[in-house]
Student: 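Take a look at the following structure, please.
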Amino acid sequence: MKNIIFILSCLIFFVGCKEDDRYSSGNCGLVRLNLALDDEVTVASRGNIGIDESNALKSNSKVRIYKNDKLVAKYKGITDEGVVLPLGDGYSTLIIAGDSVPASFDKRYFKGTQTFSVERKDMNDVNVECRMANTLVDIVFDESWSSYISEGKVDVVVGGVSGEEGKLSYIFGGELKTGYFSVMKEKPVLHFLFSGKSLSGKPFSNKEYVLSDVKESTKYTLTYVPKEGEPIEGNEGGAFFEIQINENPLYEVNDEVAVYQRPIIKAVNGNEEIDFSKDLFVETGSTISPIFTFSGSTALSSVVIESEILPDLGFEKTSVDVISERQSLVDKGFGVELSADGKRVVLAWNNRLDDFLKQDGIINIKYLVTDTYDSIAEGNVAKSRELTWRINVSNSNVTAVEVPYRYDIWSYKATLYGTNLEGKTPTGKIYFKYCSKENGQWSELVEATFEEGYYKSEITGLKPGTTYQYQIFEDDKPSGVICEFTTEAPVQLPNAGFEKWDETGKVIYPNEIGASYWDSGNTGATTLGKDYNITTKDASVKHSGEYSANLASRKIITQFAAGNIFIGKYLETVMEGFTGHGVLGIGRPFTSRPIALRGYVKYISGNVDEGGDKISDDTPDQGIIYMALTDDRGPAYEYGGEKWSFIIRTKDKQFFSKDNENVIAYGENVWTESTVGEGMHEFVIYFDYDEKTDGKTRIPTRLLLVAAASRYGDYFQGSTRSMMWLDDLELIYDESELTR
């Protein structure tokens, strides 16, 4: 079994590509390198890789990217962005993770290679399996040595007999340990030097034993056995032992498999090669005769064409297999050639597309090519390549294009995009029209501005989770191209009215039974029993429904505990003497972008009786609610296989900050006094997307929210009489729903 230890994502600005091209229909694509470490090395005795080692592997990873065997990029370390690369085939990557020191008992390194292609889509995932690349050595002393020596050791040296950092010592009678060596390719040898003391106390040494042609990813077990009748006293190189050697590769190696790649698709129109990274723009009434060539490392099993135009060409379905339905294609005017070995298929469209070029519009033709790689060896899976080719037919000077940046599509607004057709210069004014696909009612003309190579118009008042179409106009002349986008869904927080509570155990959770979204400090507070829950349901104070959440600060025996609730999970309690410190994972998966949080609160600010450096005794306590949208930039916050926006560790004073690298937008509200009256009051907290320069151009992966009756409860400071009630929390996506 192989465990994914971490995802390696590195940002580079390759020649001709920019980060902003990542979602575009231009010449670049976004590549994510998914790095998996092989955690099943049965012949190597080693434990699972923990968080500390995982982080060390990340920070020391070296990445090399090649294009047609030429090095095009190299870098060290890991960020959480994708790799922006020009579209095309022939890429490969080499990743080295860990420390490739000459010799160590605990530092290992892993290597992985993978070929890949960059296609025009939101993300090209490349899975790179990194396997242990060390040479492993175990030294075993036969039990009978106790009858001959009082001390003994074997020094194992990489390459030669000099250099302390390339040497490991295995001690007779000591702990059996596996050594990890990095052998030199130009001199793949290990030297073994046996020395010690005889039973009489006289030192001895022996000429070294040289093991040549040692291999990476291989474990060598050398068992030293005394040789009967050979002297030991004062031995200066005599043969008084023999070595039994066991060579065991860590992995099965199949060199043949490594050379196979996914099928390749190429095409020409006349003498010009077709660039699949962009639409083929042709004027209305044009003629084209594209010829496609499909090739594979093994014989191709199928070459499937999918398109809505196929029934108009005489086919019964919207898909056809060039190989199995070859004769049908030939009968309908196509040209088809198959190579004798089955590795190459040529498809000539001849003039079959011309009828579809007589009017403006978009023609989509999808190709799916699959080889017979699964027949090479048991367990292998056939490789395939998928490609959608777009033909843009128009006499216009401009064309609408798909929204190139995901961040330009919100729940209630979006930015429409268009551009000049190649070689065309518009003379009139440029506009957009748009409509919901649900009703098909087109808007009035919306004027566009030109900036950064695009015509743009921001439209508002849209419906969340809805697909829209849009078209570009020059004066009143429309382009035939119609593009689509779908607005973000207005996702809400589960159990945001706090009607569901899990009270089946001593720890009370603000969730439906069996669910896990909200949590609190109850896990730490209830060590002494159920009566010590600090966050509970309350029917006496509420905005709607039956209950609200009541957050009550109190003292648990000798320790102050702030009433709190948060999105995430209470992970662990770490004891320091009689003080329990919490480890909290905050933030849950979330990819929408609300503008604010609205809810209802009642707050009682008690007089501080557990003061300190953050808030003084005999002053009013403070309540707080803070929230943030985060992504995966910066360090990874992982615990127990789960990822979080942040991990709070009160013992280490590791607390969340809005300045963390992964924070996209932040908002908070602090109550410095009690709310008025007995009822609950509406509050609104805005997500500030403008605080960071790129806040509006990043898509979140998680949302966090923390509420506390005592603002400085993380520092065990506040009032034991402070209380906060929360009810009916709602994420707001449309500015029109709020008045600042």
Student: Phe485 vs Tyr468 aromatic rings, parallel, tilted or perpendicular, using cut-offs 30° and 60°?
Tutor: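 Plane angle under 30°, so parallel.
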
Student: Atom NZ of residue position Lys463 - does it have more than 12 heavy atoms of other residues, nucleotides or ligands inside 6.0 Å?
Tutor: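 No, NZ of Lys463 has 12 or fewer neighbouring heavy atoms, counting only those of other groups under 6.0 Å.
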
Student: May I ask you to decide if Arg633's main-chain N or O and Asp631's side chain share a donor-acceptor pair within less than 3.5 Å?
Tutor: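 Yes, the answer is positive, given that a donor and an acceptor are paired below the 3.5 Å cut-off.
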
Student: May I ask you to check whether over 12 heavy atoms, not counting those of Phe683, lie within 6.0 Å of atom CZ?
Tutor: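 Check passes, neighbour count above 12.
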
Student: Under a 3.5 Å cutoff, is there a donor and acceptor pairing between the side chains of Arg588 and Ser516?
Tutor: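 Per modelled atom types, Arg588 and Ser516 side chains form a pair under 3.5 Å.
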
Student: Can Ser411 and Thr487 be said to form a side chain to side chain donor-acceptor pair (under 3.5 Å), step by step?
Tutor: CA-CA 5 Å; Ser411 292; Thr487 50; over 6 Å; no

Student: Are Ser645 and Thr630 close enough that a side-chain donor and a side-chain acceptor fall under 3.5 Å?
Tutor: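 Checked: Ser645/Thr630 side chains pair up, N/O donor to acceptor below 3.5 Å.
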
Student: Any side-chain heavy atom of Ser117 sitting closer than 4.5 Å to one from Tyr91?
Tutor: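 No, too far: nothing below the 4.5 Å cut-off.
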
Student: Under 3.5 Å, side chain of Thr535 to main-chain N/O of Asn564, donor-acceptor pair present?
Tutor: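 Such a contact is found between Thr535 side chain and Asn564 backbone.
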
Student: Crowded around Lys107 NZ? As in, over 12 foreign heavy atoms under 6.0 Å?
Tutor: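 No, because the 6.0 Å sphere around NZ of Lys107 holds 12 heavy atoms or fewer from other groups.
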
Student: Are the side chain of Asp502 and the backbone of Thr504 linked by a donor-acceptor contact shorter than 3.5 Å?
Tutor: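 The answer is yes, because a donor-acceptor pair under 3.5 Å joins these two groups.
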
Student: Are any of the side-chain heavy atoms of Leu493 and Leu731 separated by less than 4.5 Å?
Tutor: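 Yes, at least one pair of side-chain atoms sits under 4.5 Å.
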
Student: Taking Asn134 for its side chain and Leu136 for its backbone only, find out whether a donor-acceptor pair lies under 3.5 Å.
Tutor: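 Side chain of Asn134 to backbone of Leu136: no pair is present.
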
Student: Looking at every non-hydrogen atom in both residues, tell me the closest pair between Ser710 and Gln717 and how far apart they are.
Tutor: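 Heavy atoms of Ser710 and Gln717 come nearest at CB-O, 4.1 Å.
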
Student: Would you say Lys658 has more than 12 foreign heavy atoms packed within less than 6.0 Å of its NZ?
Tutor: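 12 or below, so no.
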
Student: Please check if any side-chain donor atom of Asp408 sits under 3.5 Å from a side-chain acceptor atom of Tyr417, or the reverse.
Tutor: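 Looking only at side-chain atoms, Tyr417 and Asp408 do form a donor-acceptor pair, the distance falling under 3.5 Å.
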
Student: How about Thr650 and Asp714: does a side-chain donor come under 3.5 Å of a side-chain acceptor?
Tutor: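 Checked: Thr650/Asp714 side chains show no N/O donor-acceptor pair below 3.5 Å.
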
Student: Can you check side chain to side chain donor-acceptor pair (under 3.5 Å) on Asp728 and Ser544, steps first, answer last?
Tutor: CA-CA 7 Å; Asp728 293 339; Ser544 69; 2.5 Å; yes

Student: So, for Met724 and Ala707, which heavy atoms are closest and what is the spacing to 0.1 Å?
Tutor: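 Looking at all heavy atoms of both residues, the shortest contact is SD-CB, 4.3 Å.
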
Student: Show the nearest heavy-atom pair for residues Gln622 and Tyr603, with the distance to one decimal.
Tutor: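 Closest approach of Gln622 to Tyr603, heavy atoms only: C-OH, 3.0 Å.
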
Student: Hey, does the Lys NZ or Arg CZ of Arg702 hover above the aromatic six-ring of Phe590, less than 6.0 Å from the centre and inside 45° of the axis?
Tutor: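 Judged by the rule, Arg702 and Phe590 form no cation-pi pair.
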
Student: Phe656 vs Tyr626 aromatic rings, parallel, tilted or perpendicular, using cut-offs 30° and 60°?
Tutor: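 It falls in the parallel class, under 30°.
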
Student: Please name the pair of heavy atoms, one in Val491 and one in Tyr733, separated by the smallest distance, quoted to 0.1 Å.
Tutor: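 That closest heavy-atom pairing would be O-OH, 2.5 Å.
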
Student: For the pair Thr466 (side chain) and Pro464 (backbone), establish whether a donor and an acceptor sit closer than 3.5 Å, ignoring hydrogens and angles.
Tutor: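 Checked: pair present.
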
Student: What are the two closest non-hydrogen atoms of Tyr407 and Arg593, and how far apart are they?
Tutor: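 Heavy atoms only, the tightest pair is O-NH1, 2.9 Å.
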
Student: Minimum heavy-atom separation for Phe498 to Leu726, with atom names?
Tutor: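 Nearest pair, atom of Phe498 first, then Leu726: CD1-O, 3.5 Å.
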
Student: Evaluate Ser548 against Asp727 for side chain to side chain donor-acceptor pair (under 3.5 Å), listing each step before the verdict.
Tutor: CA-CA 5 Å; Ser548 67; Asp727 202 6; 5.5 Å; no

Student: Step by step, would you call Asn522 with Ile534 a side-chain contact (heavy atoms from CB on, under 4.5 Å)?
Tutor: CA-CA 6 Å; Asn522 285 350; Ile534 54 178; 3.3 Å; yes

Student: Give a yes or no answer on whether the side chain of Glu119 reaches the backbone of Leu387 with a donor-acceptor pair at less than 3.5 Å.
Tutor: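 Side chain of Glu119 to backbone of Leu387: no pair is present.
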
Student: Show your working on side-chain contact (heavy atoms from CB on, under 4.5 Å) between Phe566 and Met627 and close with a plain yes or no.
Tutor: CA-CA 9 Å; Phe566 59 90; Met627 60 189 189; over 6 Å; no

Student: Do we see a donor-acceptor contact under 3.5 Å between the side chains of Trp725 and Asp538?
Tutor: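 Looking only at side-chain atoms, Asp538 and Trp725 do form a donor-acceptor pair, the distance falling under 3.5 Å.
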
Student: Do any N or O atoms from the side chain of Gln114 and from the backbone of Val126 form a donor-acceptor pair under 3.5 angstrom?
Tutor: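 Looks like no, no N/O pair under 3.5 Å.
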
Student: Between His543 and Tyr600, how do the two ring planes meet: parallel, tilted or perpendicular, split at 30° and 60°?
Tutor: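 Plane angle under 30°, so parallel.
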
Student: Applying side-chain contact (heavy atoms from CB on, under 4.5 Å), run through Trp518 and Ile567 and close with a yes or a no.
Tutor: CA-CA 5 Å; Trp518 297 93; Ile567 293 174; 3.6 Å; yes

Student: Are the side chain of Asn533 and the backbone N or O of Lys506 linked by a donor-acceptor pair below 3.5 Å?
Tutor: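 Judged by distance alone, yes, a pair lies under 3.5 Å.
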
Student: With side-chain contact (heavy atoms from CB on, under 4.5 Å) as the test, would you mind laying out the steps for Tyr637 and Asn660 before giving the verdict?
Tutor: CA-CA 12 Å; Tyr637 299 103; Asn660 289 351; 4.3 Å; yes

Student: Look at the side chain of Lys692 and the backbone N and O of Val663, then say whether any donor-acceptor pair between them is shorter than 3.5 Å.
Tutor: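 Yes.
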
Student: Tyr689 ring centre to Lys696 NZ or CZ under 6.0 Å, with the angle to the axis within 45°?
Tutor: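 No, Lys696 does not sit over the ring of Tyr689.
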
Student: Quick check: Tyr109 with Tyr180 (ring centres under 6.0 Å apart)?
Tutor: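 No - the distance between ring centres of Tyr180 and Tyr109 does not fall below the 6.0 Å cut-off.
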
Student: Can you find a side-chain donor-acceptor pair between Tyr639 and Glu572 that sits under 3.5 Å?
Tutor: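 There is such a pair (donor and acceptor under 3.5 Å, judged by atom type) between the side chains of Tyr639 and Glu572.
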
Student: Under 3.5 Å, side chain of Glu458 to main-chain N/O of Lys413, donor-acceptor pair present?
Tutor: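 It does not hold such a pair.
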
